[in-house]
Protein chains: 2
Amino acid sequence: MPRKPKGPVLNQLVLERLMHYFHLVGEQIPDNANGWVSSAHIAQLLAMDDTLVRKDLASIGVRGRPRVGFSIAELKGRIREVLGFNEIYKAIIVGAGRLGGAIVSYSGFAKYGLYVVALFDADTSRAGEVMGGVLVQPIDNLESVINRHDIHMAIITVPAEAAQAMADRLVDAGIRAIWNFAPTSLVVPQGVFVRHEHISVGLAELAYYLKRNNLTTTDWPSESWRPGQPLESTAEEG
Amino acid sequence: MPRKPKGPVLNQLVLERLMHYFHLVGEQIPDNANGWVSSAHIAQLLAMDDTLVRKDLASIGVRGRPRVGFSIAELKGRIREVLGFNEIYKAIIVGAGRLGGAIVSYSGFAKYGLYVVALFDADTSRAGEVMGGVLVQPIDNLESVINRHDIHMAIITVPAEAAQAMADRLVDAGIRAIWNFAPTSLVVPQGVFVRHEHISVGLAELAYYLKRNNLTTTDWPSESWRPGQPLESTAEEG
DNA sequence: TAGATTGTTAATCGATTAACAATC
DNA sequence: TAGATTGTTAATCGATTAACAATC
């Protein structure tokens, strides 16, 4: 029984493009524009067709002015609203390793409404540490924190082997959306959303590109070096 | 003047699906299969159409056997080959922060042929440290290392403000492929490939989902808590 | 006004799915 | 052989682009 109107249903492609527009007007355009921007201008900077920009904006109810363009303020405001950046999302991070630390320390989430309120780690000796302003807690506190703070979102940064078990536990505890940074696929029940950050997909694209352009090698950096050994000396040797 | 045949041209969608097949047969299937797998089986596990699986495999030259399916070994081998995982890619990481550290410490890259041979950081006091078995070097060594080791790929994990300048410097030094983890868009010349790991795209998807399901909040975890403050005490207070 | 830019319908393009003959 | 599964052509679907009238 939803209480408020839901707004348009957007697919992933549209979401991604809206995000590009949002960044563009936030970073590149405001300097040279006086508060208005044309679909052709956006399209040119993103190497896409201007009709598509207008279609996308129309789909979220942003109306332009002939001969003027679109109001940058309205465009940003409406994207924020539709994508949900005006809400507050509380999330926890499971796995206080380097990756968890990098994520919790990233200050850019706040402008999208995302706040990390707790970090958990299986290693109880880590408890009490503060990373990125957030307390590391023993994993046994997981359920009580989720419950007490009414948290719906979890970020998984544990090793791949531990990820599925952790996802199960999170779902049992009431988590409804999972942002998975562990390099493995998670199986979750209907009604739970998972976004998997596939590092290997990016890697595949790069490897494929490099291979096709013969930018590979067959030899190691030096005679003696093997992966996993510190590459020694630097500027002058060899 | 490329020296070897290039193999099929694959678009991003196909690349991504091939990667899914590759993971699937590496992780889930070998246990219950005897070396063969049908397109219908793969399709079912990935919630897709079996015709598409056969099309994709045909596009990389993997032939199946009627009534039997596809050889798992051949399938994996051919995907490895086409995507370029049998080559060796040497890469450097620029930015030895937590994210750079997480990436260099990830042992999963080797199976795709990617080896990080050096880490650089603008903070010269970091030089000499070893992270994930790789030496941290002063940023001034950048050009000489790239040159001496004939490196074509760079992973950027510096703060957003520094990313474009670093990309320019990398391109000048001869880098041809950039994996960008800084939350900003990079402009590079023709002929340089950039893969941008948009953390905000994933965030947009999650935020949109949570909003549409009313899984947001309007209040902070506690009266006094504000983002950036350690959330204090844990199990029992409140 | 004239002309630039939006908004929208129709056409195109490309990717996915359906149908089914070929095969072992 | 009969039947399961591949391989491939044709049909469908959805997303993008072209065309152009509406608007300020």
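Protein chains get the first letters and strands the later ones, always in sequence-line order, with residue 1 at the start of each. Just so you know, these numbers use all the heavy atoms, side chains as well, and skip hydrogens, waters and symmetry mates.
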- Message: Determine whether the aromatic ring centres of residues B:Tyr89 and B:Tyr112 are separated by less than 6.0 angstrom.
- Response: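 Centroid distance B:Tyr112-B:Tyr89: not below 6.0 Å, so no.
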- So, is B:Ser39 close to the D:dT6 phosphate, meaning a side-chain N or O under 4.0 Å from OP1 or OP2?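 For D:dT6, OP1/OP2 do have a side-chain N/O of B:Ser39 under 4.0 Å.
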[X] and [Y]: which non-hydrogen atoms are nearest, and at how many Å?
X: A:Ala167; Y: A:Leu186; value: CB-CD1, 4.0 Å
X: B:Pro183; Y: A:Glu27; value: O-OE2, 4.4 Å
X: B:Val82; Y: B:Pro8; value: CG1-CG, 4.3 Å

Distance, rounded to the nearest Å, where [X] contributes [atom1] and [N] contributes [atom2]:
X: A:Leu57; N: C:dT5; atom1: CG; atom2: C1'; result: 13 Å
X: A:Phe70; N: C:dT5; atom1: CZ; atom2: P; result: 12 Å
X: B:Arg63; N: D:dG7; atom1: CZ; atom2: C1'; result: 7 Å
X: B:Trp36; N: D:dA4; atom1: CH2; atom2: P; result: 19 Å

- Message: Please tell me whether A:His198 and B:His20 have a donor and an acceptor in their side chains that are separated by less than 3.5 angstrom.
- Response: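 Result is yes, a qualifying pair exists.
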- Message: Do B:Ile79 and B:Val25 make a side-chain contact, defined as non-hydrogen atoms from C-beta onward lying under 4.5 Å apart?
- Response: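 No, too far: nothing below the 4.5 Å cut-off.
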- A:Leu203 versus B:Trp179: any side-chain heavy-atom pair under 4.5 Å?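 They are in side-chain contact.
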- Given Watson-Crick and G-U pairs under 3.5 Å, DNA chain C in dot-bracket ([ ] crossing, | other strand) is ..||||||||||||||||||||||
- In the 5'-to-3' direction, what one-character label does each nucleotide of nucleotides 15-24 of chain C receive under the scheme B = base within less than 4.0 Å of a protein heavy atom, S = sugar-phosphate only, - = no such atom? SSBBB---BB
- Task: Any chance you could lay out the side-chain contact (heavy atoms from CB on, under 4.5 Å) test for B:Ile199 and A:Phe109, step after step, and finish with the verdict?
- Result: CA-CA 10 Å; B:Ile199 200 161; A:Phe109 286 147; 3.8 Å; yes
